[in-house]
Each structure stands twice: as C-alpha cells, then as structure tokens.
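Remember, it's 1-based here, ligands and their atoms both numbered in the order they're listed.
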Amino acid sequence: MLIAILGDVHSNREALDVVLADALSGGVRCFLQVGDIVGYGPDPGYCIERLRELDSTICMGNHDAAVLGQLPLEFFNPFARHALEWTRAELDTREKGYLTDLPLLQELPEHGITVVHGSLYQPFNFDYVRSLASARLSLLKQTSDLCFVGHTHQPCLFTMEGEELNYVSAFERDCRHRLVPGQKVLVNVGSVGQPRDENPLTAYVLFDSEKRMLHLIRLEYDIASVQAKIREKRLPEVLAERLAFGL
Ligand code: ZN
C-alpha cells in the first residue's frame, strides 16, 4: 500500500492541492498528516476541508492548538501570532470542531506507524527534533518501526538499532530510504506549506509499505498566488516573502 505523509500544511491551498494531486495520481489512498494544518497561510478552512474529505489520519500541531486557545499565543513570534489571531476569526464552528477532535498522537499498528507533531518525548510540549540528542529522546519512546514528525519544516531521517543512533544525511540528498528489519526510523517529512530547508519546493513523504521504502518528494507550486493572498488578507509581509526562499 502507498501511504502519503504530509506535514505542516499551514493553510497553503496551492501547495496542498499540488501534493494531493501528485499523491492521488500515483495511487495513494491513505493520507497521514503530522499536524499544523493551519497558521501562517491564507486558506485555513479550505485546507481543513480537503484533509477531512480524504479521511486523513491527523494529529494536532502547536498552531492548531493555539487557534483553539489550547496553547497561549505568547509562545509564538509576533508574525505567527498575527496569523493565528486572523485564523481564529476566519474559521467557523465546524472547522474549529474538526481541529478540536485531533489527538496529539496517532497510531497505525497495521503498518507499524506512529504520527506526532514534534516528538514522542512529551508530545504535549511540542519539542523539536533537530539534533541527535532530541532524536534519541523521541526514539526511546517509539515502539513502532516508523514514526513521522514535522514541526521544524525541515526533512530529515534518523535510525536507531539497539543503542546505536544515526542521522541519515543521504535521505535529504537521495530522497530515498529503505527500512531495515530491527531498525526504528524517525522521519521528519518537511513542510507542505512553508518549507524551511532553503528549498521553496513543497515537500511530502511517500511510504510503500510492501517495498518498505520511503521517498521524499519535492514539487513546484504557485508561490506567487499564495503570496498575493497573504498580502490581500493583510497578513504579515514576511510570511509571503519567506515562501520564495524556503525559510
Ligand atoms: Zn509548523
């Protein structure tokens, strides 16, 4: 089975549409999302609705939680806070209700998969996995073969076999990784809607559960349209500019 794992959509309709079209045309029928459907971007309601229609398995991100008032806005920088306040006013009761029902963690035991926004180490704290030390904390809590995270908006992959932990830099270069029996794998799937690895292309991960193969996919999308909408809705200019640079 082909499974698509999306991260940090951040209300970016154009990027989400390109990713979903690519995945659906490639035969994907199972969608996972590692949280942060909303925040930053101009189309929160549309992104919620599309993921809902697809019956995606989704966990809650820190921006989703903040829109609902479950996380204080003081935790966010002024630009993110501005977009969160705007999103809060923009969403209707049904859309907020959909976010409210998202759990912090999702398990797909039939595929040996766990999904969490930041880290399996205290998921409610939304910690970032950006070092071997933080990856170890998450992997020590991981009972499944595979765990997908987001939150940093930078794709990367760690493996752990026994006590031995490795950062697999080849994943970012070759965009592929085959699972090895006995190894636990922690994958950051990057961001659909606001990549921050100095590559503005939208990102998602495909997992072929039979071939046990992971594939990081990068695609072009209409950045200029998203930027125009960000400006039209008077969201902070920096949120438009950064999309062109992948920052
Ligand atoms: Zn995010």
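Classification of Arg88 and Glu85 as a salt-bridged pair fails, no side-chain N sitting under 4.0 Å from a carboxylate O. The pair Asp197-Arg218 meets the salt-bridge criterion, since a charged nitrogen lies less than 4.0 angstrom from a carboxylate oxygen.
Of the angles at the Zn ion (ligand 1), the one spanning OD2 of Asp36 and OD2 of Asp8 is 90° when given to 10°.
At least one N/O/S atom of His153, whether from backbone or side chain, sits less than 2.8 Å from the Zn ion (ligand 1). Distance check for His10 against the Zn ion (ligand 1): an N/O/S atom falls below 2.8 Å.
Both cation-pi conditions hold for Arg242 and Tyr40: the charged atom is under 6.0 angstrom from the six-membered ring centre and inside a 45 degree cone around its axis.
Side-chain N/O atoms of His117 and Asn62 include a donor and acceptor closer than 3.5 Å.
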